Amino acid sequence: MIARVTQLFLPTLREAPADAEATNHKLLVRGGFVRQVTGGVWSFLPLGWRVHRKIEQIIREEMDAIGTQEMLMPVLTPFELWQQTGRDFIPEIFRLKDRKGADYVLPLTHEETVAFHARELQSYRQLPQMLYHFSIKERDELRPRAGLIRLREFIMKDAYSFDRDDEALAANFELQRGAYVRIFERCGLETHCVEAEPGMMGGSESFDFLAPAGAGENTLVTCENGDFAADVEIARGVARPPSFPAPLDAPDEVETPGVKTCEALAEFLAIDVAATSKAMPVTTDDGAVVLALVRGDDRIEPAKLDAVLGKPSRPATDDEIRAAFGASGGSLGPVGFAGEVVADESLREGQFVAGANRDDRHLRGVEAGRDFQPRFADLRQSREGDTCPNCGGRLAFETAIEVGHIFKLGTRYSAPLGARFVDEDGQEGAVVMGSYGIGLARVMAALVEQRHDEQGIIWPASVAPYDVHVLALRGAEEVAEQAAEALSAAGKDVLLDDRDQRPGEKFADADLIGIPIRVTAGKKSLEDGAVDFRDRATGEERRVKLTDIGKEG
RNA sequence: CGGGACGUAGCUCAGCCUGGUCAGAGCGCCGCCUUUGGGAGGCGGAAGCCGUCGGUUCGAAUCCGACCGUCCCGACCA
C-alpha cells in the first residue's frame, strides 16, 4: 500500500502549540497525529488513528489468544444500572436526560453493563467466560492534563472475566496479566506491573502497569537490583535508622518558641530530624479527628492513611485542630490526645520528640506504648534514600503513566446486579468477576514519552503509522515511485512524500513523524539506481539498489 | 474547587503599563521568478468582529467589571 503525502490530511507544524508542555503533547500535535477539540477532548487525525489502530490490533490479538471474546457495549447507559451498584454518586460521571426525562450516564467504564449481561449466565457449566470491547469512555475530569495522559474522553479496551470462585478468578487473572505483559512488549513499551490501590473500583486486589515516562501522574519505585517495583502510594521502602538521644524515663516538656517544622525543631534541639515525630490531624468523612503520626523526616502517604482508616479523610481545619488538641499546628502530638492515633511502623521502637499540644512546647522522650497507645500501620511515603525491603538495594523513583490496570472484583458488581449462577450442588452464588483495562491513547502517549529525540518521535515498528517513509527529492520522483512500488510489493505500508518541497523540510518532517525506515531517492539515485535506507532510531544509513529492494524484508 | 499565567491572522508572538492612522511581524497559505541531499531567497497577494458581554470615555486591542475558554501547580483521580 502506498499513501501519498500530497493527498493526505497530514498537517505537520514547525512549532508546538504554546500551551503544550508534555513531550507527547508537543510531538503528537506537531507531527499531525492529533488535535485538541476542547479541554481533554481530542481528535485523532489519519496518521494518529493509524497508530491507535495498530495498538488496538495488538491488544485484540492477545485478548483473542487467551480466549477473551470481543463484543461491543453502548456508551449511552441507563442511570439505573449505576444506582444499583451504588456508583451513581461518583462526581466524574457525565449524566444526561432524554426528552422524556429518563436519566442516562456516559459510563466511566462498563462493569455495570457487562454484569447486566452476565445475568444470562445461569449455570456453572457456562463458566468461565471472558468478554471485552473497545469503547469510548467519558469522564468529567476536574483537570485534564499533559496531552493525551489525562483525558475526558478516550478509548479503552476493557475486559471482564466471570468465574465460579476466587480460585478460578485467580487463573483468569493470571491469563490476563500475561496477556498484558505481551501486549506492552509487542507495543515496544517498557512497563512495570506493580501492586496498586483498587480505589473506587472496589475488589480485593489490583495491579497497575506503569510506563516510566517524562510525564505522568504516578511515581514508580524500583529497586536497583530489579527485585522490587511498586507505585509510591503503596511502596514500603525502608527508611534509614534514626540516631536517638539518650532515653528518658518520662516525657520532658521543653519550650520551643516559634518552632513550627520538624526541621526547625531538630535544629533547635540539636538532634536528628529522624528522631522527631510529625503529627498530621485529619478529619474522616464521619467527622472524627484522627491523628496520623510519622517520623519528622517523612511525609504521610494519604492513600495509605485512607486505606488504614478504611474511609476517606482530609486535613483537619484550624478550628477542628484547636477544638481537638487545644493547640495549633506545629505543636501537636499524641500524648494526651483523646482521639485515635495511627502511627507509622517506624515509630514503634525508640523515643521521639513530639508536640505537647500546648503552643510552642514539645515533649522529649515520647515512647509509643508507654506514653500513648497508637494503632501501628505503614503510613509513610517512600522517598529518595530509602532502601529495598527485599534486598536492601537502593530505590529509584521516576514518574510514570498508568497504561493498564487489572482488578479482582469479586462479587462487587455481580451481587447488586443479580448476576448469579447455580453450581453442581444446586447452590446459587454470585458470579466472581475481574476487570482489565488499557487506555489506548495513554499507550500512545507513553510510547512518545519513552521514544523520542530532539527531532521527533521514534515509533517501534509494531505500531508505526507506516513501515517505510519514502522521500522523493526533486528530479528523482520516478525513482521514488519505483522504490515505493517495490516496497509495497514486498508487503510494506509506504508513506511517499511526493510534495514539491525542499529536501530539508522533508527530512525534518520524516524525523518528526518517526516512521522506522526512511528511504531517500535523490540526484545520486539517477546515477547509480540506488536509494538511501536510514534507520530512524540509530541513524544508520546504507545504499540499496532499486533492484534489491524486495530482498530488504 | 483554591493558586498562577494566558486569550490579537491557520501557527508562534509583538502592541496594552503611558487610550487617539495599531490592525502589526515571522512562519504558513495563494501567484510569479529563482533555488533544490537537512525547514533557502525575491516580488506581489489573501487572511484577524484583538475570547464574549457590559461599563468608563469624544474615542477602547489598550482602562474597569462580569462571564467563557485554555494551560500550569495543588486538590481530585478507576
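Since this is a predicted model, take the numbers as computed values, not measurements.
Residue Gly39(A) is in sugar-phosphate contact alone, with no base atom involved, counting any heavy-atom pair closer than 4.0 Å across all strands shown. In this structure, Pro17(A) reaches the sugar-phosphate backbone alone: every heavy-atom distance under 4.0 Å involves primed, P, OP1 or OP2 atoms, never a base. Contact annotation for Ala16(A): backbone-only contact, meaning every heavy-atom pair under 4.0 Å involves sugar-phosphate atoms and none involves a base. Using a 4.0 Å heavy-atom criterion, one finds that Glu402(A) contacts the sugar-phosphate atoms exclusively. The residue Glu541(A) sits close to a base: some heavy atom pair falls under 4.0 Å. When heavy atoms are screened at a 4.0 angstrom cut-off, Ala508(A) is found touching base atoms of the nucleic acid. If you check every strand for non-hydrogen atoms under 4.0 Å, Lys506(A) touches nothing. Counting any heavy atom pair closer than 4.0 Å across all strands shown, Arg30(A) reaches a base atom.
Under the 4.0 Å criterion applied to side-chain N and carboxylate O atoms, Lys524(A) and Glu527(A) are not assigned as salt-bridge partners. Ion pair Glu111(A)/Arg412(A) not flagged as a salt bridge, since none of the NZ, NE, NH1 or NH2 atoms sits closer than 4.0 Å to an Asp/Glu carboxylate oxygen.
A gap of 10 Å separates the C1' atoms of rU56(B) and rA60(B), to the nearest Å. Rounded to the nearest Å, the gap between the C1' atom of rC1(B) and that of rA46(B) is 46 Å. Using atom P as the reference point in both rU35(B) and rG48(B), the two lie 35 Å apart (nearest Å). Separating the P atom of rC64(B) from that of rG20(B) is a span of 15 Å, rounded to the nearest Å. When the C1' atom is used for both rA47(B) and rG28(B), the distance is 11 Å, rounded to whole Å. Going from the C1' atom of rG31(B) to that of rC13(B) covers 27 Å, rounded to whole Å. The same atom, P, is picked in rG15(B) and in rG51(B); the two are 15 Å apart, to the nearest Å.
Between the side chain of Arg518(A) and the base of rG38(B), at least one donor-acceptor pair of N or O atoms lies under 3.5 Å. Applying the 3.5 Å distance criterion, the base of rC77(B) shares a donor-acceptor pair with the side chain of Arg150(A).
Put simply, CG on Asp500(A) is 14 Å from P on rG37(B), counting in whole angstrom units. Atom CD1 in Ile149(A) sits about 15 Å away from atom C1' in rC71(B), given to the nearest Å.
Residues that satisfy the salt bridge (Lys or Arg N to Asp or Glu O under 4.0 Å) test with Asp453(A), not counting sequence neighbours, are Arg536(A). For Trp459(A), the ring pair (Phe, Tyr, Trp, His ring centres under 6.0 Å) partners are Phe33(A), not counting sequence neighbours. In this structure, the side-chain contact (heavy atoms from CB on, under 4.5 Å) partners of Ala230(A), at least two apart in sequence or on a different chain, are Phe228(A), Ala235(A). Not a single side chain to side chain donor-acceptor pair (under 3.5 Å) links Ser43(A) to another residue, sequence neighbours left out. Among residues two or more places apart in sequence or in another chain, the side chain to side chain donor-acceptor pair (under 3.5 Å) test is passed with Thr411(A) by none.
Regarding contacts with the backbone of rC73(B), a side-chain N or O of Arg143(A) is found under 4.0 angstrom from either OP1 or OP2. Contact between the side-chain N/O atoms of Gln501(A) and the OP1/OP2 oxygens of rG38(B) is not found at any separation under 4.0 Å. Not one side-chain nitrogen or oxygen of Thr38(A) sits closer than 4.0 Å to the OP1 or OP2 atom of rG69(B).
The partner of rC29(B) is rG45(B), judged by Watson-Crick or G-U wobble contacts that both fall below 3.5 Å. Across every strand in view, rC22(B) sits unpaired, with no contact that passes the Watson-Crick or G-U test at under 3.5 angstrom. A 3.5 Å limit on both hydrogen-bonding distances identifies rC6(B) as the Watson-Crick or G-U partner of rG69(B). In this entry rC50(B) has no Watson-Crick or G-U wobble partner, no candidate having both defining distances under 3.5 Å. Pair check for rU57(B) finds none; no Watson-Crick or G-U wobble contact set falls under 3.5 Å.
A heavy-atom distance below 4.5 Å is found between the side chains of Gln129(A) and Gln69(A).
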Return the polar atom pairs (N/O with N/O) between nucleotides 41-49 of chain B and the protein under 3.5 Å, or none.
none

